Amino acid sequence: MQKIINKMSEKPVRVRFAPSPTGPLHIGGVRTALYNYLFAKKNNGTFIIRIEDTDQTRFVSGAQDYIMDALNWCGIIPTEGPGIGGEYGPYVQSERKDMYRPYAEQLVANDKAYYAFDTPEELDEMRDRAKAMNMPNWQYNSVTRTSMKNSLSLPADEVKRRLENGDPYVIRIKMPRNFDVRFEDLIRGWVTVNTNNLDDKVLFKSDGMPTYHLANIVDDHTMAISHVIRGEEWLPSAPMHIMLYEAFGWEAPRFAHLPLLLRPDGNGKLSKRDGDRLGFPVFPCDWHTAEGELYSGYREKGYLPEAFINMLAFLGWNPGTTQEIFSMKELEEVFTLERVSKGGAKFDPEKTKWFQQQHLKAVSDDQLADLLINQYGAKVDKTSLTKIVHLMKERAIFPQDILTEGVYLLERPTEIDASSIEKKWKDDSASLLNGWLEKLASISEFSAHSIEEVFKAYIAERNVGIGAVMFLFRLLVTGHGAGPSMFEISEFLGKQEVIERLKWGLTTVESMKK
RNA sequence: GGCCCAUUCGUCUAGUGGUUAGGACGUAAGAUUUUCAUUCUUAAAACAGGAGUUCGAUUCUCCUAUGGGCUGCCA
């Protein structure tokens, strides 16, 4: 009974993914979005997108559209967000600009924050000087603030004068001294930090915008966010965020800090340069920079969104069973934060391909044919294409492989590899193939099965092995040394076409021999 | 440097105070297949190190090492 009551009094699950539009979203960000989304779905909650664009100097045109487009391709669909709407909008921080200052002022009034007039140049100077004295981390904190220019150290009338004068200022949090901040991370357990290690972070900038720290707390609170699921890089500032909630007198949401995605070689956080350097995409979709550079994406490489998502889900999470192939729907049912691992995960491009292959196999021939027509511009009738898909699917990783590797099903070969002929063409080859040509011409029902019957009878009759005829038959008809069953291929091409190709092949080889 | 976080096969990971430490990718060998791919079988491959607690630690505690993150009027 107690449990039921607790459950009923729990707040509804509302989570947000809060990217900054400073460039394309990389796969680490997509994974964070995915875990938020899955957590929301699993708990009948709401998944929200909020754009954190409080740094006007880092704004990148097109980035926000990219983020929304990429998430959409992934199937990570928000219930509330920019362009979608919702009760708690607007969902872009620059559009919420006016609401932050009163909150910052409120903290100053309550002695939880203060005005600081030090210029960026003065602060740089301070840090440089400290560094020169072998103190690499000078901080604006409870001991140093007394010797800086702020509303705590300056006389009240001067503060008033500066404010009225319109002097530029920032608002900093007044971090208390020697206090243990404790919070329970849903993935890592209890984390404790003493406030002596925390500095007086800027909450409100001199340009009239809040910093991430303030905006994040105000928005999470006003948007009724229940769980903050974000990357591990935020763990060090989480205690400060807890202090802010406390300063406002608000209940803090639950926190979960996700392990980082590491690069496949060596160590370190996966970065956008790693992709091109190591030959795999780090972005969900292609991104063209203003300078004309291209960062490649999974979508354009031919990855299926579900394969991409499946792979990402398993980078730092597992279901506790041996099942590895999941659809988005299935992930929504089994995902829990308890099964997210603590350590960083190295990204594995090889396994990514395997996920893709597995998901491709799961797509029906019919759907794949549609995909090839609609997205890859295949110019074949649907019926033939479906047959081609059926023949080629097992040896394809990407949809387009079916078209490129099965090109001979669509058009006649134009040349025959000389070195293959060199190796495989024997003295009796011409005779064997001509004999086979005659047999082919005699088949009335040109099905894979009957062709195979006739073929077997023929090699028995000529007293040779399969290899003496088959490889060359394949080479002359398809121009390739490998592929699906030649009997199936023959049936698909049809008697007339096979015979013509074989004749062409025989003449071509003859001319090569001269 | 300081603070915080992490550490099981090459990689992603399961797991327990007593297990032959399990699975997957990759690798190797073999089987199937006209070939390639698929599929199947098998193999090699891991508890970072040192103390302590304990009858017994991969598992619990501490230390060390290693790796990572943060240390901006960036997010």
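Residue numbering restarts at 1 for every chain, and letters A, B, ... go by the order of the sequence lines. Small disclaimer: the values here were computed from a predicted structure and weren't measured. Below, each value reflects all heavy atoms present in this structure, side chains not excepted, and no hydrogens, waters or symmetry copies.
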Asks: Listed by chain and number, what are the ring-ring contact (aromatic ring centres under 6.0 Å, His included) partners of Phe283(A), not counting sequence neighbours?
Replies: Tyr295(A)
Asks: Hey, does Tyr212(A) reach any base, or is it just sugar-phosphate, or nothing, if we go heavy atoms under 4.0 Å?
Replies: base
Asks: Does C40(B) have a Watson-Crick or wobble mate here (both distances under 3.5 Å), and if so which one?
Replies: G30(B)
Asks: Which residue pairs pass the side-chain hydrogen bond (donor to acceptor under 3.5 Å, both in side chains) test when at least one of the two sits in residues 335-345 of chain A, sequence neighbours left out?
Replies: Asn318(A)-Arg339(A)
Asks: On a whole-Å scale, what distance lies between the C1' atoms belonging to U27(B) and G69(B)?
Replies: 33 Å
Asks: Could you list the residues that satisfy ring-ring contact (aromatic ring centres under 6.0 Å, His included) with His213(A), not counting sequence neighbours?
Replies: His241(A)
Asks: For residues 386-396 of chain A, which residue pairs pass the salt bridge (Lys or Arg N to Asp or Glu O under 4.0 Å) check, not counting sequence neighbours?
Replies: Asp365(A)-Lys393(A)
Asks: Report which part of the nucleic acid Arg188(A) touches: base, sugar-phosphate, or nothing (heavy-atom distance under 4.0 Å, all strands).
Replies: sugar-phosphate
Asks: Return the nucleotide paired to U7(B): Watson-Crick means purine N1 to pyrimidine N3 with N6-O4 or O6-N4, wobble means G-U with N1-O2 and O6-N3, both under 3.5 Å.
Replies: A65(B)
Asks: Could you measure between the two P atoms, the one in U59(B) and the one in U16(B), and give it in whole Å?
Replies: 13 Å
Asks: Counting any heavy atom closer than 4.0 Å, what does Ser341(A) reach on the DNA or RNA strands: base, sugar-phosphate only, or nothing?
Replies: sugar-phosphate
Asks: Between A46(B) and A14(B), how far is it from one C1' atom to the other, in whole Å?
Replies: 13 Å
Asks: Among residues two or more places apart or on two chains, list those pairs meeting ring pair (Phe, Tyr, Trp, His ring centres under 6.0 Å) that have a residue in residues 183-209 of chain A.
Replies: Phe183(A)-Phe255(A)
Asks: Look at all strands and tell whether Arg230(A) reaches a base, only sugar-phosphate, or nothing, counting heavy atoms closer than 4.0 Å.
Replies: nothing
Asks: Mind checking if Thr322(A) touches a base, just sugar-phosphate, or nothing, with heavy atoms under 4.0 Å?
Replies: sugar-phosphate
Asks: Applying salt bridge (charged side-chain N to carboxylate O under 4.0 Å, His left out), name anything that partners Asp199(A), two or more places apart in sequence or on another chain.
Replies: Lys201(A)
Asks: State which residues pass side-chain contact (heavy atoms from CB on, under 4.5 Å) with Gln358(A); sequence neighbours excluded, sorted by chain then number.
Replies: Ile325(A), Trp354(A), Lys361(A)
Asks: Give every residue pair that meets the salt bridge (Lys or Arg N to Asp or Glu O under 4.0 Å) criterion with at least one member in residues 476-487 of chain A, sequence neighbours excluded.
Replies: none
Asks: Considering only the C1' atoms, how many Å lie between A51(B) and A45(B), rounded to the nearest integer?
Replies: 29 Å
Asks: Which nucleotide of RNA chain B is the first, and which the last, in the 5' to 3' direction, to come under 4.0 Å of a heavy atom belonging to chain A?
Replies: G1(B) to A75(B)
Asks: Go ahead and name the base partner of C70(B); Watson-Crick or wobble counts if both distances stay under 3.5 Å, otherwise write none.
Replies: G2(B)
Asks: Taking the C1' atom of each, how far is G68(B) from A48(B), in whole Å?
Replies: 16 Å
Asks: How is Gly465(A) classified with respect to the nucleic acid when contacts are heavy atoms under 4.0 Å: base, sugar-phosphate, or nothing?
Replies: nothing
Asks: Return the orientation label for the Trp436(A) and Phe455(A) ring planes: parallel under 30°, perpendicular over 60°, tilted otherwise.
Replies: perpendicular
Asks: Write down the distance separating the P atoms in A24(B) and C70(B), rounded off to the nearest Å.
Replies: 36 Å
Asks: Keeping Ser142(A) on the side-chain end and Pro176(A) on the backbone end, is there a donor-acceptor pair under 3.5 Å?
Replies: no
Asks: Indicate, with a heavy-atom threshold strictly under 4.0 Å, whether Ser237(A) touches base, sugar-phosphate, or nothing.
Replies: nothing
Asks: By nearest heavy atom, map Ile466(A) and Val191(A) onto RNA chain B; which one lands nearer the 5' end?
Replies: Val191(A)
Asks: In sequence, state the C-alpha distance, the side-chain angles, and the governing distance for Asn141(A) and Met175(A), and then conclude on side-chain contact (heavy atoms from CB on, under 4.5 Å).
Replies: CA-CA 7 Å; Asn141(A) 59 23; Met175(A) 189 59 71; over 6 Å; no
Asks: When we call it a touch if two heavy atoms are under 4.0 Å apart, what does Asn194(A) touch: a base, just sugar-phosphate, or nothing?
Replies: nothing
Asks: Return the residues of residues 477-484 of chain A meeting this criterion: a heavy atom under 4.0 Å from some atom of RNA chain B. Order them by number, or give none.
Replies: Gly481(A), Ala482(A), Gly483(A), Pro484(A)
Asks: Across all strands shown, which nucleotide pairs with A75(B) by Watson-Crick or G-U wobble geometry, both distances under 3.5 Å?
Replies: none
Asks: Which is more 5' along RNA chain B, the nucleotide nearest Thr192(A) or the one nearest Pro259(A)? Just name the residue.
Replies: Thr192(A)
Asks: Using a strict heavy-atom distance below 4.0 Å, which residues from residues 350-360 of chain A are in contact with RNA chain B?
Replies: Glu350(A), Lys351(A), Trp354(A), Gln357(A)
Asks: For Arg474(A), which residues count as a salt bridge (charged side-chain N to carboxylate O under 4.0 Å, His left out) partner, sequence neighbours excluded?
Replies: none
Asks: With both distances kept under 3.5 Å, what pairs with U58(B), Watson-Crick or G-U wobble?
Replies: none
Asks: Checking all strands, does Asp55(A) fall into the base, sugar-phosphate, or nothing category for heavy-atom contacts under 4.0 angstrom?
Replies: sugar-phosphate
Asks: Rounding to the closest angstrom, what is the interatomic distance between A28(B) and U71(B) at atom P?
Replies: 44 Å
Asks: Suppose you measure atom P in A6(B) against the same atom in G10(B); what distance do you get, rounded to whole Å?
Replies: 23 Å
Asks: Just call it for Gln139(A): base, sugar-phosphate, or nothing, with non-hydrogen atoms closer than 4.0 Å on any strand.
Replies: sugar-phosphate
Asks: Give a yes or no on whether the ring-centroid distance for Trp234(A) and Tyr212(A) is below 6.0 angstrom.
Replies: yes
Asks: One thing to verify: whether Glu52(A) and Arg50(A) come together as a salt bridge, which I'm taking to mean a side-chain N less than 4.0 angstrom from a carboxylate O.
Replies: yes
